[in-house]
Amino acid sequence: MKLGAYILKRIFLMVIVMFGVATIVFFITHVIPADPVGAILGGNAPIERVDAMRRQLGLDKPITLQFIDYIKGIVHADFGISLKSSRPVLKDIINYFPATIELAIASMIFAVLVGVVLGVFSAIYRNKSIDHFSRVFSILGVSMPVFWLGLLLLLLFYYHLDLLPGGGRNSLFIFPPRITGLLLLDSIIAGDWTAFWDGLSHIILPAFVLGYASAASIARIMRASMLDILKQDFIRTAKSKGLSKRVVIYRHALKNALIPVVTIIGLSFGSLLSGAVLTETIFSWPGLGRYIVNALLVLDYPAVTGGTLFIAFIYSLANLVVDISYAVLDPRMRV
Amino acid sequence: MLNTVKNIGQKEKIKLFLEQRKPIIEDWKHTYYLWKSTPLAMIGTVIIFIFLTVAIFAPLFTTYSPTEQFMEERLLPPSSQHIFGTDQYGRDIFSRVVYGARIEVWIIFIVSIISVMIGIIVGITAGYFGSAVDEILMRITDMFLAFPRLILAMVLTAVLGPNLTNTMIAISLVDWTVYARLGRAEAMKVKSQPYIEAIRAVGAKDLRIIAFHVLPMSISPVIVQLTLRMGTIILTAAGLGFLGLGAQPPTPEWGAIVSDGRSYLVDQWWISTFPGMAIAFVVLGFNLLGDGIRDILDPRLRR
Amino acid sequence: MQKVRGDLLNISKLKVVFYTYRGIIKALNGVELWMNQGERLGIVGETGCGKSVTALSIMGLIEQPGEIIEGDILFGDKLLTSMKENELINIRGKEISMIFQEPNAALNPVMKVGFQIAESIGKVKNKKIGKEVYAEVRRMLEIAGLDWERTINLYPHELSGGMAQRVMIAMALSSNPKLLIADEPTSALDVTIQAQILELLDELVKKFGNAVILITHNMGVAAEFCDKMAVMYAGNMVEYARTTNIFENPHHHYTRGLLKAVPKIGRTDELQSIPGIVPDLVNPPSGCRFHPRCKHVMDICRKDFPPLVEIKPGHYVACYLYWKEGIKNANS
């Protein structure tokens, strides 16, 4: 099977792209800012402090040397020290990232389940009420700004109905165990059900808000893809074999129709990471998105560089996984 | 041909004119029919029409300035005086939303122009020249695509300095990849046409072929893609504004206004709610219109 | 109900329409057709004349925006047109099978071909897909002239057109159906492969004794393979007779035109095309749909549609030129 060679090629390409990504980030954070230190410390900072910071950021060296140091650092997973937290950026990332990935996974599960189910039913019962519902659901999902929807739901479910918590990952006096950093998973491993239910109640709103747009686009693609597949010759063959409608739809059509959806799931992961920035800000979710935003607001360059690179890396990795599963799903891709 | 036309009357001339253009007219009729038979596309068109009208004639719709502060009228709920209420500085939310439409139109306009220009140049160059040029340019495109959009845009605005102009630059620098891929695909398609071979054989230069043959062919898919993306542009700009990394107060950018009202959400819900509704409304319009255009241009529907 | 004229299949007054943007396409306009067990019937005609629609009607696979608005299809003693979907399922694949024009597209791209045949066998014999069924799959692949060890685990895109059509044949014949409908089974294939596939079909059908409807626009293919031929024009059956009669003594002017358009080695007269164009089925000509292209058109042809009448024993034509002969035959 040529799957192995394909995977290797994709990994090789990803390494090249990641190098380019690092270069772009270097350009943005080291070349574009005319006077980063001035911007950080303000105009009237004493000259000694400015010099000290320039040394700390390595800005006293020539740009090529800065770049070499920068790449060296990345290879050793060393992104420098955060100006704000004074901790190594990598430590901060390891600290904040699990919250983001947990939120992203929860949103993704929601989005895929809802999107696929709605899309399939929408296609099968075309122009019936479920189809209309699903299309309205989808078009609203891709139209509403994530941050606005989040605020409104917070207003409704937290302030007015008091059904769900107002933000954060867990309640004040609950101390969830930390093993992998994924709160829900850790709670299950440790058997701490109080922490689990508490965590679950905290993740529902942000996961819904974040996953809604993806659910909407998955439903749309799923519907279109299913309608397209149902018109294909091989569906006619399956019917002419005397297979029941169920078998035709779920065995013959669904697997084919899911193939383009896999690509959308990959793309959705990107918009999930984008949306996570907004969702985390609204729900005070202690994740990497909020970390980057806070770093950007005070121009904490090492934190921005590290966080951005890390997110890009995770996104590329997710796309790699999607491409590979695409090849596994569709035998035509393997040739 | 012309001589015969001269000898016949005006009516016949018109008739002949229509006769000659029958296929085109039929095509337009068909398009109109499809557009009419997709009510959602019609709703989208109406929404965009309202949006543009409001943006262009903003002063006619408002009685208050969008930026002037009246501290004695702060945090008023919606009333006949201020139909969307007022914010913490006593500014009329309705006026801010109406003038905000201008800003959104401006953002869409500038971002579209910059990103299409960059994208088309990169894409056509890659697609037309192929081989190594293609490989390099497309890898660069991939590098930009390796970032989640909003994150790249927000890092760019923050570093350039958060304001409206830089927001537009940043979004353009993120969005051009879409058109690069489109332009490349079109260029590759046109390049392999036999008539291009023929033109080249009579001595046409690359630049001429690109300008007169490749470029015109790629315009219509680009325009379709553009309408599909306008909603996303607004959402990105508003997201940046909301995070405080886009347009800065007192600029009445819709996302920034939502952000303004965030701390007053519980008791003064109107500050955030109305501008957010405006975003959702306009993006909905673009999405409906985009869907409609996609359906209308779908060859499977066109028979 | 019309009288029963064949002991396997009787189609009477079949009308099928498709609702489209341009208007209602009157695809079948009262098709009459019948055949006996073990017979081979060729349906010929130009693209768009309703050959495939007829086939899909028999399978009960006319779907939106299409609809059977009139007529009966009687298969044996079962009235297919009044059957519900869950009853039709037991006919399809079991008693009537079908193979298609584009064999590669007709197979599911994400399933191994072995499984696709197994699925058919399992369905018909009501068995779980297991060892027993796969043994049958191997047997069928061998019968279809394929090396089962090499092909059973392949995906459709890994097969050539000829191989894919052999798989389709194996699948269609695995239930030993009473009727096999082959819709342009060789049109998408290379000429040499065409001959091989036809040979295979011929051999297998001889062996199993299935009746076959072969749909084709190629008169040569039909002549080689079929006992009887039915000529369709714009949604109507215009002539129906034994193959030899059609070729040696065609009556309908459309059939004559078709035969004049067939190139043959040693043929000295010029190839002729039929003047005029295929009618638009949204606004078909009144009366006989062939009348605008017919040299012998009469007033009545523009008004009424000519019924299919027997002008000689076993030779049916729908044309007013032969109307009187037909009446005489019917009376005697």
Side-chain angles (χ1 to χ4, degrees), chain A residues 13-14 16-25 28-29 32-33 36 39 135 139-140 142-149 151-152 154-155 159-160 213 220 228 231 269-278 281-282 289 292-293 295-297 299 301 304-305 307-308 311-316 319, chain B residues 40 44 139-140 142-162 173 231-232 234-236 238-245 254-255 258-259 261-262 265-267 269 272-273 275-288 290-291 294 298 300:
Chain A
L13 272 182
M14 183 177 155
I16 295 178
V17 167
M18 283 319 296
F19 181 78
V21 162
T23 313
I24 294 173
V25 171
I28 295 173
T29 53
I32 295 180
R135 296 179 80 178
I139 200 91
L140 285 181
V142 289
S143 302
M144 275 193 282
V146 172
F147 53 90
W148 182 67
L149 179 69
L151 286 180
L152 290 191
L154 208 53
L155 187 63
Y159 290 111
H160 291 311
R220 286 163 64 133
D228 188 47
K231 276 186 261 168
F269 196 75
S271 56
L272 275 187
L273 290 176
S274 283
V277 172
L278 297 162
T281 306
I282 293 160
I292 297 176
V293 173
L296 280 174
L297 290 171
L299 294 177
Y301 280 108
V304 169
T305 312
T308 313
I311 290 260
F313 173 70
I314 292 299
Y315 182 36
S316 300
N319 274 325
Chain B
L40 291 180
R139 286 296 86 77
I140 291 177
D142 282 351
M143 288 163 194
F144 276 85
L145 283 169
F147 296 93
R149 290 174 175 282
L150 182 69
I151 290 177
L152 183 56
M154 103 193 166
V155 174
L156 274 169
T157 30
V159 170
L160 292 169
L173 287 179
T232 321
I234 294 193
L235 283 180
T236 312
L240 291 174
F242 177 78
L243 290 172
L245 293 167
W254 288 342
V258 175
S259 176
R262 217 185 129 193
L265 189 65
V266 182
D267 297 310
W269 53 269
S272 288
T273 305
M277 219 179 266
I279 301 171
F281 181 70
V282 171
V283 176
L284 178 73
F286 277 118
N287 283 337
L288 290 174
D291 275 10
R294 198 161 37 184
D298 184 349
R300 275 167 299 186

Between [options], which residue shows the highest count of heavy-atom pairs closer than 4.5 Å to chain B?
options	value
A:I282, A:L140, A:L299, A:I314	A:I282
A:L151, A:T281, A:L272	A:L151
A:S274, A:A295, A:G270	A:S274
A:V142, A:L149, A:L152	A:V142
A:F269, A:F313, A:Y315	A:Y315

Region of [X] that comes under 4.5 Å of a non-hydrogen atom in chain B:
X	value
A:I24	side chain
A:Y301	side chain
A:L273	both
A:L13	side chain
A:V304	side chain
A:I139	both

#### Entry: Pairing residues for A:L155 by the side chain to side chain contact (heavy atoms under 4.5 Å, CB included) criterion, not counting sequence neighbours
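Here the qualifying residues are A:Y159, A:H160, B:L265, B:W269.
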Subject >> Partner set under side chain to side chain contact (heavy atoms under 4.5 Å, CB included) for A:A213, not counting sequence neighbours >> reply: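 By the side chain to side chain contact (heavy atoms under 4.5 Å, CB included) rule, A:A213 matches no residue at all.
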Heavy-atom proximity to chain A below 4.5 Å, by part of [X]:
X	answer
B:F242	side chain
B:F144	both
B:I151	both

May I ask you to name which of [options] has the most heavy-atom pairs under 4.5 Å with chain A?
options	value
B:T236, B:V155, B:D142, B:T232	B:V155
B:G161, B:G231, B:G276, B:G285	B:G276
B:V266, B:V282, B:L152, B:L288	B:V266
B:I140, B:L243, B:V258, B:L40	B:L243

Between [X] and [Y], which heavy-atom pair has the shortest distance, and what is it?
X	Y	answer
B:A146	A:V21	CB-CG2, 3.5 Å
A:W148	B:T273	NE1-O, 3.1 Å
A:V17	B:M143	O-CG, 3.7 Å
B:P275	B:W254	CB-O, 3.8 Å

Worksheet item: When you look at B:L156 and A:I32, which way does the side chain to side chain contact (heavy atoms under 4.5 Å, CB included) test go after all the steps?
Response: CA-CA 9 Å; B:L156 274 169; A:I32 295 180; 4.3 Å; yes
Practice task
Start with the C-alpha distance between A:N319 and B:L145, add both sets of side-chain angles, then the distance that settles side chain to side chain contact (heavy atoms under 4.5 Å, CB included), and finish with yes or no.
Solution key: CA-CA 11 Å; A:N319 274 325; B:L145 283 169; over 6 Å; no
Next on the checklist: Has B:S259 got a side-chain atom pairing as donor or acceptor with B:G255's backbone, closer than 3.5 angstrom?
Outcome noted: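 Such a contact is absent between B:S259 side chain and B:G255 backbone.
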Practice prompt. May I have the step-by-step check of side chain to side chain contact (heavy atoms under 4.5 Å, CB included) for A:R220 and B:D291, ending in yes or no?
Written response: CA-CA 11 Å; A:R220 286 163 64 133; B:D291 275 10; 2.6 Å; yes
**Prompt:** Can you find a heavy atom in the side chain of B:V283 that is under 4.5 Å from one in the side chain of A:P145?
**Reply:**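 Side chain of B:V283 against side chain of A:P145, heavy atoms only: no contact under 4.5 Å found.
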